[in-house]
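Below is one structure; the comments refer to it alone.
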Amino acid sequence: MLYTEILKDSAVFTRVYKRGGRASAGGAVGYFLKNNRPYNRFGITVGKKVGGAVERNRAKRIIRAAYRKNELLLPIGYDIVIVARGDTVGMKSFGLDPFFKKLAREIERSSEKNSH
RNA sequence: CGAGUAAGCCAUGCGGCAGCGGACGCCGUUUUACGGCGGAUGAGGAAAGUCCGAGCAUCGCAGAGCAGGGUAGCUGCUAACGGCAGCCGAGGGCGACCUCAGGGAAAGUGCAACAGAAAAUUACCGCCGUUUUUCGGCAAGGUUGAAAAGGCGAGGCAAGAGCUCACCGCGAGGCAGGAGACUGCUUUGGCGUGUAAACCCUACCUGAUGCAACACCGUUUGGUUCGGUAUGUCAAUGUCUGCUCGGCAGGCAUACCGUUAUAGGUGGCUUGAGCCAUGUGGCGACACAUGGAUUAGAUAGAUUGCCGCACAAGACAAAACUCGGCUUAUCGGCUUAGUCGCACC
RNA sequence: GGCCCGUUGGUCAAGCGGCUAAGACACCGCCCUUUCACGGCGGAGACAUGAGUUCGAUUCUCGUACGGGUCA
């Protein structure tokens, strides 16, 4: 990943859920919050509902692969958390492309709102 | 050929492009750190459930008894076990074979609803003798129930009864066999049910906590926890396992010093009572000898993304300190050895 | 990763190994009322699941599934 760190602090996760913006499209939900850093921080959440260890790991892999592919779409300087849903497991990684496009659009729209 | 039994093995494979984890080598780089390149390597038979047993670590070590917990045929195997092997007993199957918490109810306490006379030192209806008030003897027959006082047949008797006898079951003694559980023979007693996955008794085992253990390095602020020293004050308390004996420490407040908690990092962290082959011993579990191969060690947590080919199909499922078992989930395929049935020679 | 609990009608729940498994709220029918509510009468509806022990299991034992708590 080019300009991304992995997000591990549970306090940051909570802050992103509470204060961040939100975008959802087939297979996943994304949360984002401005972090004022020269890089992005990226985290994945997979709940127990998705399945056992095998299914959860697979969901994480698919999301990671899709993120790597779509990283250039996203603006820099955000904390991004993606939550897997039950149907994420059965998808191909390019199946998440529309989701990332929507996420990028939502982030841009919110930043415009804040600057005005 | 069909059905069924037991034991064991495999767990989709191959290729292309891009990528991930920890090592290794080379290069860059002032050392650390960091970056680049390279070829190799990288989840399971159950990694799962966490049901047992160990290693390892810390705490307590001054122990003893009780309590609590666990196990339950015998002999062995093992580091150990609640595991495994062989055998004994009981039960199931035509059979190969399979299943069993399989000690004690004659140490004591409890429970056995409903029904029934009665659920444990029984007597309602009965039977017999005497007599028709009764008194005495008896437990065959009856009903209920999951279970009714050893079973069944014959003799015997007033009627009956292990009262007597044969066979069977049970207990006790003796003899023989066996390492033992136990088995066989024989003598003898006439013999009050079930439940211990009810309390309990007997024998054996058992300190507690768990890698988020623990060891080391170390940041910042504060003064929460614990320890030491000093001063003051109080006369009871804390701790070692829940309790008792016993041991150790007096307790509280303040001040100072250390420690701990509150970011993090490194070690622990993978070679192990391990695996494979052959030989020897053993019925076997297993042991010993020789030879060989040993490559996950992450820390938000690595095997992927996209695509092609093959076949009828691709299940259950992801290491987190490590082993030995047990249990549970599982698409299918293969191998070996017995058994039963049918047909043919 | 380790440890510890629980599961009874739609919901909350009681239940010595033995009755038809209490009770409350909710639901349905009837009565009461001009009507609704309150009240009265009646009714339907459950032991998570698979084995074992026992004459008999919601209860005891073991396995499985699901749910919850706890240790940073």
Side-chain angles (χ1 to χ4, degrees):
Chain A
M1 291 184 261
L2 300 173
Y3 43 80
T4 302
E5 282 202 349
I6 289 174
L7 181 53
K8 357 180 164 177
D9 198 340
S10 113
V12 177
F13 271 87
T14 314
R15 198 165 62 234
V16 173
Y17 291 142
K18 276 193 176 168
R19 303 211 202 126
R22 171 163 190 257
S24 71
V29 185
Y31 295 86
F32 54 90
L33 184 67
K34 207 163 195 169
N35 64 2
N36 296 319
R37 287 165 198 257
Y39 51 84
N40 283 352
R41 291 192 294 180
F42 172 59
I44 303 175
T45 300
V46 185
K48 240 184 199 170
K49 263 190 214 165
V50 173
V54 172
E55 285 77 21
R56 292 207 298 274
N57 278 341
R58 169 138 184 96
K60 280 193 270 185
R61 278 187 225 120
I62 289 165
I63 290 170
R64 252 202 306 274
Y67 179 84
R68 197 174 292 122
K69 197 175 158 204
N70 291 287
E71 193 174 5
L72 294 169
L73 285 177
L74 300 169
I76 298 174
Y78 281 88
D79 290 337
I80 294 167
V81 174
I82 294 181
V83 180
R85 283 189 172 158
D87 52 352
T88 310
V89 178
M91 297 177 88
K92 296 281 188 183
S93 72
F94 55 77
L96 286 171
D97 288 351
F99 162 73
F100 274 95
K101 275 180 197 148
K102 187 174 177 189
L103 181 63
R105 235 183 8 255
E106 287 289 330
I107 293 174
E108 270 170 45
R109 194 186 301 167
S110 75
S111 68
E112 281 166 24
K113 228 186 261 172
N114 290 344
S115 59
H116 282 284

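Per chain, numbering begins at 1; letters A, B, ... match sequence-line order.
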Fill in: Distance, P atom - from C:U54 to C:G10, rounded to whole angstrom
35 Å

Worksheet item: In Watson-Crick or G-U wobble terms, both distances under 3.5 Å, what is the partner of B:A67?
Response: none

Worksheet item: Between atom CZ of A:Phe100 and atom CD1 of A:Ile82, what is the distance when rounded to the nearest 0.5 Å?
Response: 3.5 Å

Worksheet item: So what's B:A161 paired with, Watson-Crick or G-U wobble, going by both distances under 3.5 Å?
Response: none

Item to complete: For B:A215, give its Watson-Crick or G-U wobble partner with both distances under 3.5 Å, or none.
Response: B:U266

Worksheet, complete the sentence: pair_partner(B:C17), Watson-Crick or wobble, both distances < 3.5 Å, evaluates to B:G305

Worksheet item: How long is the span from the CD1 atom in A:Ile80 to the CG atom in A:Leu103, to the nearest 0.5 Å?
Response: 6.0 Å

Item to complete: For B:U270, decide between syn and anti, treating a glycosidic angle within 90° of 0 as syn.
Response: syn

Worksheet item: Expressed as a whole number of Å, how far does the P atom of B:U71 sit from that of B:C84?
Response: 15 Å

Worksheet item: Which base sits across from B:A148 as a Watson-Crick or G-U pair, both distances under 3.5 Å?
Response: none

Fill in: B:U290 pairs with, by Watson-Crick or G-U criteria that keep both distances under 3.5 Å
B:A277

Worksheet entry | Spacing between A:Arg61 atom CZ and B:G21 atom P, to the nearest angstrom | 14 Å

Worksheet item: For B:G333, is chi within 90° of 0 (syn) or not (anti)?
Response: anti

Fill in: Separation of the C1' atoms in B:U303 and B:A298, to the nearest angstrom
13 Å

Discussion item. In whole Å, measure the gap between the C1' atoms of B:A54 and B:G282 for me.
Written reply: 27 Å

Discussion item. List the residues meeting ring-ring contact (aromatic ring centres under 6.0 Å, His included) with A:Phe32, not counting sequence neighbours, and say none if there are none.
Written reply: none

Worksheet entry | Watson-Crick or G-U counterpart of B:G314, or none if no pair lies under 3.5 Å | B:C311

Worksheet item: What distance, rounded to whole Å, do you find between the two P atoms, one in B:U330 and one in B:U304?
Response: 25 Å

Item to complete: Kindly label the base of B:A43 as syn or anti, based on whether its glycosidic torsion lies within 90° of 0.
Response: syn

Discussion item. In whole Å, measure the gap between the P atoms of B:C269 and B:C87 for me.
Written reply: 43 Å

Worksheet item: Given atom CD1 of A:Ile62 and atom P of B:U304, what is their separation to the nearest angstrom?
Response: 10 Å

Worksheet item: Measuring from A:Arg105:CZ to A:Lys102:NZ, what's the distance to the nearest 0.5 Å?
Response: 7.5 Å

Worksheet item: Which value, in whole Å, describes the distance between the P atoms of nucleotides B:U12 and B:G314?
Response: 12 Å

Discussion item. A:Ile62: which residues meet the side-chain contact (heavy atoms from CB on, under 4.5 Å) condition with it, sequence neighbours left out?
Written reply: A:Arg58, A:Ser93, A:Leu96

Fill in: Who pairs with B:G210 - Watson-Crick or G-U, where each distance is under 3.5 Å
B:C56

Worksheet entry | Syn/anti state of B:G45 by chi, 90° boundary around 0 | syn

Worksheet item: If we take the C1' atom in both B:A215 and B:A57, what is their distance in whole Å?
Response: 10 Å

